[in-house]
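Scroll down for the structure; my scribbles are underneath it.
So you know, we letter chains A, B, ... as the sequences are listed, proteins then strands, and number each from 1. Everything numeric in this text was worked out from a predicted model, so none of it was measured.
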2 protein chains.
Amino acid sequence: MRPEELPEIRHLHLFRDMSHANFEALMASSYAQNFPQGLEMIRQGDPADFLHIVLEGSVELFARWGGRECTMAVLRPVSTFILAASIRDAPYLMSARTLERTRIILIPSSDLRAMFRRDSEFSVSVINELASCYRSVVRNAKTLKLRNSRERVASYLLRQSLLAGGAPSYVLPVEKRLLASYLGMTAENLSRTLRALEDDGLKMDGARVIITDRAKLSALAQPDKLIDGPEMDSNENGSGLPISSR
Amino acid sequence: MRPEELPEIRHLHLFRDMSHANFEALMASSYAQNFPQGLEMIRQGDPADFLHIVLEGSVELFARWGGRECTMAVLRPVSTFILAASIRDAPYLMSARTLERTRIILIPSSDLRAMFRRDSEFSVSVINELASCYRSVVRNAKTLKLRNSRERVASYLLRQSLLAGGAPSYVLPVEKRLLASYLGMTAENLSRTLRALEDDGLKMDGARVIITDRAKLSALAQPDKLIDGPEMDSNENGSGLPISSR
DNA sequence: GAAAAAACTTGATCCAGATCAAGATTAAAA
DNA sequence: TTTTAATCTTGATCTGGATCAAGTTTTTTC
């Protein structure tokens with residue numbers, strides 16, 4: 001692990017409150033690994049031996065069942081993932097693959113578990129992190145059950161715009177194919193939906209999103225604090241396509 | 001709060017490992033309340049001032065958006081709910097209403113937060129509980145995104161059968177109307193789907209489920225450990241219709 | 001126990017979104 | 001660059017599940 005990487009990790013909510021010594025100890029048992037693009041580094045069902053941290057690149061969390069597959073989240077630096085499984089010492093519920101060349105830190109789950117038993121500051125951080133992640137997934141489930149696909153698309157685009165500082169124009173952070181799967185629809189249907197939204201204040205130019213009439217788009221998306229956030233605690237994000245580091 | 005109730009609460013994973021004194025302290029600041037049937041005791045968006053525990057009766061967690069509404073979980077004694085919101089000191093993401101006359105214990109969130117900062121045994125329990133809940137919701141999201149409604153119904157029925165000790169026949173623990181909403185479908189469609197499953201090893205008699213050909217039904221449901229459980233740790237359940245106490 | 005109000009079922013119809021099938025773009029590889 | 005392989009778009013069609021509309025059964029209330 002490179003020395004300049006430590007502060008980046010330390011800066012995460014999960015680690016910023018623990019003692020220096022304990023942080024060092026945890027990092028000492030961890031190691032970095034570089035993965036090429038498109039590598040399935042975690043297979044659902046495998047034992048969760050490591051907590052993962054993306055340092056560079058990006059990672060897709062996805063789930064498989066039968067022959068089907070769907071995107072559950074995309075993670076970008078710097079964020080942790082697969083925390084709950086590491087803690088429960090249980091099998092991964094999701095698989096993970098790199099979307100590009102990606103650098104990952106691996107923290108042995110057993111060290112992690114030992115650490116929060118020892119460091120009560122850290123255990124509080126773990127609690128907060130897990131609670132945030134939980135709320136993220138609940139939000140996600142709400143969107144899936146309460147909104148139709150057009151509403152999911154519109155609210156996603158508005159949320160992204162907020163994350164881009166309220167900018168009326170920005171570039172999609174992921175391929176449309178992937179976004180479609182994340183939003184629970186087919187790529188074809190996303191394409192059509194984006195086109196249809198041109199009557200409602202949206203313009204697409206390739207991967208560029210241009211919000212031409214925010215009021216109109218909002219009327220359709222009906223963004224809701226209890227689904228789309230933001231969560232008060234600035235940039236937690238738990239796990240959502242909502243890109244951004246946490 | 002009645003004295004005979006304390007052991008029931010103490011028995012929950014969340015509380016069984018903390019010191020006697022701390023448990024007593026937490027209970028001292030808590031109080032019980034009885035709600036009539038059909039009362040909306042929690043409204044999404046309200047500040048999460050209390051951790052709730054169902055002692056008697058049953059509670060539906062549901063979400064609203066726009067005019068729509070959907071069931072997210074049903075809780076039965078003895079289980080806690082709305083833990084993550086209490087911890088984050090954040091607004092409830094879901095509403096809750098009683099399905100019958102229900103007795104609830106309310107633990108002030110601030111006391112809860114103070115306690116896990118003080119009692120490290122307790123903080124470990126909170127971590128485990130949250131991690132379990134998280135995994136439950138992820139499972140739920142997987143079912144919603146990967147299975148169609150017939151598959152969700154079939155796998156739900158098989159899961160319930162397992163919870164009933166593998167019995168080939170049991171009574172649905174909730175109204176069909178509610179089950180339908182939980183499974184992300186309309187009541188009409190659930191009705192038709194149950195009927196259609198008669199070709200696949202299922203027989204309904206009112207609220208009674210009779211699995212006439214488990215192999216056939218399983219072939220259709222393709223039950224999966226990573227979606228349908230069980231989670232190793234015996235009866236966690238986080239939040240799912242899967243009834244059962246935790 | 002009768003009346004009223006739910007929950008449930010069944011049928012007819014409709015529609016959002018999936019699937020199938022080509023093209024059109026864009027990106028990656030040679 | 002040229003070639004090759006993705007992703008993305010668009011159109012045509014199909015279908016799972018929603019919606020609408022009665023009935024029927026069960027539960028609740030008086």
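Here the C1' atom of nucleotide C:dA28 and the CD atom of A:Q37 are 10 Å apart, to the nearest Å. A:L190 has its CG atom 16 Å from the C1' atom of C:dT19, to the nearest Å. B:E188 places its CD atom 11 Å from the P atom of C:dT9, with the value rounded to the nearest Å. Between the P atom of C:dT9 and the CD atom of B:E198 lies a distance of 11 Å, rounded to the nearest Å. Computed from coordinates, the A:R177 CZ to D:dA5 C1' distance equals 13 Å when rounded to whole Å. Distance, A:L172 CG to C:dT26 P: 14 Å, rounded to whole Å. The nearest whole Å value for the distance from the CG atom in B:L194 to the P atom in C:dA7 is 17 Å. Per the geometry, CD belonging to B:E175 stands 14 Å off C1' belonging to D:dT25, to the nearest Å.
The cationic group of A:R97 lies under 6.0 Å from the six-membered ring centre of A:F62 and within 45° of the ring axis, placing it in a cation-pi geometry.
Ring geometry for A:F81 against A:H52 counts as tilted: the plane angle lies between 30° and 60°, on a 0 to 90° scale.
Nearest heavy atom pair, residue B:V54 against residue B:I104, reads CA-CD1, 3.9 Å. A:S161 approaches A:A167 most closely through the heavy-atom pair OG-O, 2.8 Å.
At least one side-chain heavy atom of B:Y170 sits less than 4.5 Å from a side-chain heavy atom of B:Q160.
Positionally, the nearest nucleotide of DNA chain C for B:A187 lies more toward the 5' end than for the other of A:G206 and B:A187.
Distances shown here put a side-chain N or O of A:S149 below 4.0 Å from the OP1 or OP2 atom of C:dG17. At C:dT10, one or more side-chain N or O atoms of B:R195 fall inside 4.0 Å of OP1 or OP2 (strictly under the cut-off).
When the nucleotides D:dT7, C:dT9, C:dG17 are ranked by their closest atom to the side chain of A:N189, C:dG17 comes out on top. The side chain of A:K176 lies closest to D:dC8, out of C:dT10, D:dC8, C:dA7. Considering only side-chain atoms of B:N148, the nucleotide from D:dT7, D:dG17, C:dA21 that sits closest is D:dG17. Ranking C:dC8, C:dA18, C:dA12 by closeness to the B:R192 side chain, first place goes to C:dA12.
At the heavy-atom level, B:G184 lies under 4.0 Å from the strands shown only through sugar-phosphate atoms. Using a 4.0 Å heavy-atom cutoff across all strands shown, A:T186 reaches at least one base atom of the nucleic acid.
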